[in-house]
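First comes the structure, then the notes that go with it.
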2 protein chains.
Amino acid sequence: MTRTASGTVDTVDSAAAARSTADDVTRVAVSTVIFSLRRDEGDTCPSVVLPLVRRTRDPFEGDWALPGGWLDSSESLDAAASRTLAETTGLTPSYLEQLYAFGDVDRSPTRVVSIIYWALLRPDEVTAAVAEENVSWFDASDLPRLAFDHNEIVEYALWRLRNKVGYSRIAHGLLADEFTLADLREVYEAILGRRLDPANFRRQAEGSHAITPTDRFRTGSHRPARLYRYDHDVELADRGPLVARH
Amino acid sequence: MTRTASGTVDTVDSAAAARSTADDVTRVAVSTVIFSLRRDEGDTCPSVVLPLVRRTRDPFEGDWALPGGWLDSSESLDAAASRTLAETTGLTPSYLEQLYAFGDVDRSPTRVVSIIYWALLRPDEVTAAVAEENVSWFDASDLPRLAFDHNEIVEYALWRLRNKVGYSRIAHGLLADEFTLADLREVYEAILGRRLDPANFRRQAEGSHAITPTDRFRTGSHRPARLYRYDHDVELADRGPLVARH
DNA sequence: TCAAAAGTGTTAGTATTACACCCATGC
DNA sequence: GCATGGGTGTAATACTAACACTTTTGA
């Protein structure tokens, strides 16, 4: 059994073999940008927040970084994202999707290719992480200087989030099972950074057939608001052929 | 060779076993799905085609696979995609973008994480590859069984292409510098797989401010058609913050 | 009763679609 | 001339945005 070629074509095998001296190996890391929403006391609208981990060793010791870890040779990329996420933050997000592979030569002192995922957390899923050591939540629009190229990565993840909220149903990943239309609208407003007309938003949401009204209401300070839940038939279906792989 | 998984211990020879610690390292490959359009003789509309490379050794010897190669430790992912593409096919596409990272454990006999790119070729860029050995062009809708998980990868790339053509200007990457509106429309029709109204398409294209009319015409069998070219100011700007990195 | 959020109605503007029609050229 | 694709006009429809208005609750 020849152990040389496997990835793609083999016309470059000899060159690759010559290069693959032990410490020349490029390692593969997996990290995740986790988004959630937090509403500050008596605030106009919630803001996008994400958890970061303080580095305890070089390089970038003391700096904040995305949660992650090394890819284990016996697990898939998706599994590595879930595992490293749980290990570093204790979180198990409801929504997890690959974002991009970053592999510039100088993005780390040693050669590291990082497969980045992004995740969404419902408000009830957030509790786990607040107790963890070395984990802290930051406002996405007000980040410190992060380790490696992680500032750039978060910017890209935010761009994807804002884009995807326009044509997909990912707001689901940031809401509890039951929610009012105002809750849903606030998710969109927080991500898009602008107010939306309640009347028009209601019509769009109801017309999309992505949500179904329940017969329950949330009572509160004013007129009770009807609670809705997502149609599970409609969710996803915007990630293409890849979702069928699991 | 029909060896499937790497787990059958009794069939592994001693040399391979001796290397098995080194093989615990996951290697990184880079491959590319290259799309172009080909119009068959007297045909209704062009079809999407892509070049594949025949494997000359195990695993999947004799099968067709995506062009690619190993990531060199001294080059970025983008550079590796360009380099391996040129080495295996002689092509230098005008459009090249990362697609997805595939890393399931059993996608190859040895552990390989493949960073997949996708590319678009203008008709004038195609010539280089037809002369290469072991390279052949296939209709995207009629592929043979490919090596590894490359069938799945091509499906995903096609999905991305069809999606992106809806909100982006990537048709640019499949056309020569100057083109008629019928040329442009045919690109969309080939990718989307349906006919478009010429009148409405014209208005949309002209109203998008992505193209500018020249004062030249293409003369042919009927009334001459005005030639257009793309506004270079407008192109791209749909890949988010990542494009600024080069 | 009043403030405020829930929810409904209406209208203007804009984009999409379908299709009728004229124009210019090669044969 | 006439067939064919290039190019223009137009009406119907659907979607979007703006905003006036009614309803229902807690205080």
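Scope of the values below: all heavy atoms of this structure, side chains included, with no hydrogens, waters or symmetry mates. Numbered from 1 within each chain, the chains take letters A, B, ... in sequence-line order.
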- In whole angstrom, what separates B:R203's CZ from C:dA15's C1'? 11 Å

- Starting from the 5' end of DNA chain D, give me the residue, A:T219 or B:T180, whose nearest nucleotide shows up first. B:T180

- Full working for side-chain contact (heavy atoms from CB on, under 4.5 Å) between B:V49 and B:L37: CA-CA 6 Å; B:V49 293; B:L37 294 185; 6.0 Å; no

- For atom CD of B:Q204 and atom P of C:dT14, their distance in whole Å: 17 Å

- Span of DNA chain D engaged by chain A, first through last nucleotide within the 4.0 Å heavy-atom cut-off, is D:dA17 to D:dG26

- Query: Okay, side chain of A:E186, backbone of A:P46: is any donor-acceptor separation there less than 3.5 Å?
  - Reply: no

- Message: By the 4.0 Å heavy-atom rule, please label A:R226 as base, sugar-phosphate, or nothing.
- Response: sugar-phosphate

- Query: Side chains of A:N151 and A:R145: does their closest heavy-atom pair fall under 4.5 Å?
  - Reply: yes

- Message: Pick the closest DNA chain C nucleotide for A:R202 and for A:H222 by heavy atoms, then say which residue is nearer the 5' end.
- Response: A:H222

Result block: side-chain N/O donor-acceptor pairs under 3.5 angstrom for residues 195-203 of chain B, not counting sequence neighbours:
from	atom 1	to	atom 2	distance (Å)
B:R195	NE	B:E189	OE1	3.4
B:R195	NH1	B:T44	OG1	3.1
B:D197	OD1	B:A199	N	2.8
B:D197	OD1	B:N200	N	3.1
B:N200	OD1	B:R203	NH2	3.0

- Residue list, side-chain hydrogen bond (donor to acceptor under 3.5 Å, both in side chains) with B:R223, at least two apart or on another chain: none

- Of B:G220 and B:R223, the one whose nearest nucleotide on DNA chain C sits closer to the 5' end is B:R223

- Nearest-Å distance for atom pair CD/C1', residues B:E206 and C:dA15: 16 Å

- Message: What's the separation between atom CD in B:E97 and atom OH in B:Y117, rounded to the nearest 0.5 Å?
- Response: 9.5 Å

- Item | ring-ring contact (aromatic ring centres under 6.0 Å, His included) against A:F138, all qualifying residues, sequence neighbours excluded | A:W64

- Query: What is the distance from CZ of B:F217 to P of C:dT25, rounded to the nearest Å?
  - Reply: 9 Å

- Message: When you compare the side chains of B:R107 and B:S114, does any donor N or O come within less than 3.5 Å of an acceptor on the partner?
- Response: yes

- Item | Interface residues of residues 182-200 of chain B with DNA chain C (non-hydrogen, below 4.0 angstrom) | B:D197, B:A199, B:N200

- B:Y156: side-chain hydrogen bond (donor to acceptor under 3.5 Å, both in side chains) partners, not counting sequence neighbours: B:R160

